[in-house]
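Just below is one structure, and these are the notes that go with it.
In listed order, ligands and their atoms are each counted from 1.
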Amino acid sequence: MQDLTLLLYKWYISGGNWGNEEHQLHLQDDLSDEVNRKKSEYQKYLELYKLMRSRFEEHYVKSGRGGRKLDEVRDKYQKACRKLHLTHNEYVLLLCEAVEFEKDFRTVLLPGLLEHQQSLQEAFILAWKQILQEVSTNSDCTADKFREIQKRIEASLESIKPNEEYKDFTEKHKTTPTEPVKFTFDESLVEDSAGKLLPNQLTVDNLTVEWLRNKLAELETSIKENQEKRTALVTNPEGFVNGKTEVNNRLITNVDSTKKEINELKCQERKMLKQTELIKSALNELGCEEVPSGCDLSIDNQTFISNSSEQVGSSESTKRGFTHQKIVNMFRKPFRRKSVPSSPIAPPRTKGRRDSAPRSEGGDPVSMTTNKSLVDEEWFHGVLPREEVVRLLTQDGDFLVRETTRNDECQTVLSVCWGGHKHFIVQTTAEGHYRFEGPAFPSIRELILYQFNSGLPVTGRSGAILYKPIPRERWELNNDDVVLLDKIGRGNFGDVYRAQLKNSNEVVAVKTCRVTLPEDHKKKFLQEGRILKQYDHPNIVKLIGICVQKQPIMIVMELVPGGSLLTFLRKKSPALTDGQLMKMCLDAAAGMRYLESKNCIHRDLAARNCLVGYNNVVKISDFGMSREEEEYIVSDGMKQIPIKWTAPEALNFGKYTSLCDVWSYGILCWEIFSRGGTPYSGMSNSKAREKIDSGYRMPAPENTPDEMYRLMLRCWEYKPENRPNFEQIYTVVETLCAAYRVSFL
Ligand code: ADP
């Protein structure tokens, strides 16, 4: 406090004092200036006076006492004389004033000022003293007033009753809840769905079944988590609030929050249980038929078979038919059977049956009387993917048998083309026999044989009759035809083997799919086979077949002896000439040009996914991510994307075209010329991505021909439309190879 006073005091003293003194000094200066000014003025008029006087004397002497000119000069002389005298007086008066002021300044004004300042300082200090005294009095905790205030605060705190505080307010202001909202299904939404979608009922078809199963699993997990959380809350109500231990206000808030949280969890659980029930009952009602197709346009215009016209063989099946009626109606593709017998019990085998001569080269499926096992039958297709099945069954009555896995359980399915594609799951009886709706048989083969020979519809409702068994295609090999020799690699789905085909002794490469992988992974695995099966080009690895008869499913391919290009480059790089490297780029361009012409986007072109054959020929391989589309938009997230090989538009917008493969081709060429180097070495994926977006491009690997590096840069144009296509790339690389005199042998 003392320091502050001192500070303020100094400030005041200095500010005030200097201000007044300055003012006085200004007055003194002004006065001196004015005296000097007057003096110069005096001197000026004195000069003028002297001049006018001498002129007058001159004229007076020249012209005597008269004349106009003399009058003029006299007049001026008199004016100058007058001015001089006036100035003289002003000067005298001013000097008098200055002398007096000077005297007063020293004797009266300055001492007065000092006195004034002294009294100001005193007043200031007095004011401060009073303030400090007041502060001192009021901050005295021992003062009565202070104690009284303290008591009042304590009493007020005492009187706060949390449970009563809002009682009146709540009573007065609480409102009654609004009318319950009725959530009803707007039936107009499903009017145009031809019965495929029903109000308040879940639709189970091939478009939704996977989603429903995932949803069910998701719900079940959430319910379990919810129950665990609830148990934790019940057993430790105070310590567990939203998963965190709160320290402050534990007693009240925690217990209340816990109660509230338990209630919320209960409500959530009830809601999820209801949804679970709904999904479970929809999936259970699927019954013996496999998931129907959700959008088979070929049968959309046709009509339902009326329930009354359906005759079902046994009372058991009738019962089941009715149990399923509701759900089956939901799934069923409406169609009108063309030559369905009026009663399935008395099938007109000869009537309306089309020529059923099998296409099979092997056994005679019409007789079906030998002791073959099911897997030996030409029309047994193992775990052939559904898409392939649909492609094979083209006419009403075409059928085949296959296997599928549902809920980890292997099921045998009879697929029939009958006004669309029908898939019937073979049912197992309590005795371990097999049946659809009719009689049961000890083996599935016999059951199918019966269905085929009797000409009875597989189910009364579908009316589907088996006319023509569809045998396996050339590329559907039997697992037992392949002998695995030794492991040569490891893929994403399983190991890769060198193997031998029993029939031809041909040595091949076999990719296997791990038995334990989920069904959708197995489908993805086979995707490569489906794509490769249609291609035939020296720079694309050749498919020999797929083995889907039993597990493990396998893809059989030509054996490319040099293995992966990446390993080859790393191991053999010193021995490779620039010309050979250029030729590798040409091979890859040839393969990619072929794929481009087939509208196939590879999506994973990289040295690790190319193989090296005889004479160092490069073959494009690993079609696991490929798509046969001009443009492919990825919408389900971008898991496992090879960031450093992928074009920016694919990374940023999920948009894939052949021009994305062009970008990857640029990286592949970089890998080739760096002899197996790692692109963007030392950079993380995200850093590389960021740098590319800001315009960075990898420098050319050492000794890369300029033209080749220019081509790489063109492949890495940010905008896909500025990149060359594979046709153009091939031409450029071919010209380069010619310039390097590369042998094309
Ligand atoms: P995935 O597609 O499952 O990742 P890859 O196609 O990459 O499997 O194969 C893994 C490894 O197996 C390759 O790097 C290569 O060494 C070897 N390989 C794959 N196919 C063949 C083949 N046709 N000939 C020779 N080796 C092969």
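Side-chain contact, Ser373 with Asp376: a donor N or O sits under 3.5 Å from an acceptor N or O. Judged by distance alone, the side chains of Tyr656 and Asp661 never bring a donor and an acceptor atom under 3.5 Å apart.
Partners of Asn503 under the side-chain contact (heavy atoms from CB on, under 4.5 Å) rule, at least two apart in sequence or in another chain, are Asp481. In this structure Lys523 satisfies the side-chain contact (heavy atoms from CB on, under 4.5 Å) test with no other residue, sequence neighbours excluded.
Annotation: ring pair (Phe, Tyr, Trp, His ring centres under 6.0 Å) contacts involving residues 514-555, sequence neighbours excluded, comprise Phe493-Phe525, Tyr535-Tyr594, His537-Tyr594.
Looking at heavy atoms from C-beta onward, Arg386 lies in side-chain contact with Arg402 at the 4.5 angstrom threshold.
Within 4.0 Å of ligand 1, protein heavy atoms come from Ile488, Gly489, Arg490, Gly491, Asn492, Phe493, Val496, Ala509, Lys511, Val541, Met557, Glu558, Leu559, Val560, Ser564, Asn609, Leu611, Asp622.
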